[in-house]
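Here the structure comes first, spelled out in C-alpha cells, and everything after it is commentary.
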Amino acid sequence: NDSGISSKYNVLAIVEDRSLNNLYILLENLNNSNDKLVLYYYPGIKEDSYGEITNPEEFDFIVETYQNAEWLSILCGNRE
C-alpha cells in the first residue's frame with residue numbers, strides 16, 4: 001500500500017487467464033475491507049512475487065471474472 005504502514009491482506013481469490021498465461025491474485029486489507037488489490041501473481045518456490053496491472057481492460061476482466069465466480073458461488077449456496 002502507499003501509506004507506508006504495514007498491512008495484512010486476506011486472499012480473496014487466485015484467477016488464471018489461460019489465454020494470456022497469467023495468474024492474478026485478489027487481496028483485501030484485513031483492517032479496511034474497502035482496500036482491495038488486484039495484482040499479477042508469480043508463485044515461486046522460495047518466495048512469491050507480484051506485479052501491477054497497467055492494462056485497464058485486463059484489470060476489468062479479472063475483476064468481472066471474480067465477481068461472476070462469487071455470484072455463482074452464492075447462487076449455488078456455498079456462501080451466505
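Side-chain atoms are counted along with the backbone in the values below, which use heavy atoms only and exclude waters and symmetry mates.
- Interatomic distance, Asp17 CG to Leu23 CG, rounded to the nearest 0.5 Å: 9.5 Å.
- The CG atom of Leu27 sits 8.5 Å away from atom CG of Asn10, with the distance rounded to the nearest 0.5 Å.
- For the atom pair OH of Tyr41 and OH of Tyr50, the computed distance is 5.5 Å after rounding to the nearest 0.5 Å.
- Within a 6.0 Å sphere centred on CG of Asn32, heavy atoms belonging to other residues, nucleotides or ligands number more than 12.
- Between the side chains of Tyr24 and Asn22, at least one donor N or O sits under 3.5 Å from an acceptor N or O.
- Residues Ile14 and Leu30 are members of separate hydrophobic clusters, defined by side-chain heavy-atom contacts under 4.5 angstrom among Ile, Leu, Val, Met, Phe, Trp and Tyr.
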Does Tyr42 form a side-chain contact (heavy atoms from CB on, under 4.5 Å) with Asp48? I'd like the steps, not just the answer.
CA-CA 6 Å; Tyr42 309 104; Asp48 296 341; over 6 Å; no
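- A distance of 11.5 Å separates CZ in Phe61 from CD1 in Ile53, rounded to the nearest 0.5 Å.
- Of the options Leu37, Val38, Thr65, Leu39, a side-chain contact (heavy atoms from CB on, under 4.5 Å) to Leu26 is made by Val38 and by none of the others.
- For the 3.5 Å distance criterion, the side chains of Glu58 and Tyr40 qualify, holding a donor opposite an acceptor.
- Annotation: the span from Ser7 atom OG to Asn31 atom CG amounts to 6.5 Å, rounded to 0.5 Å.
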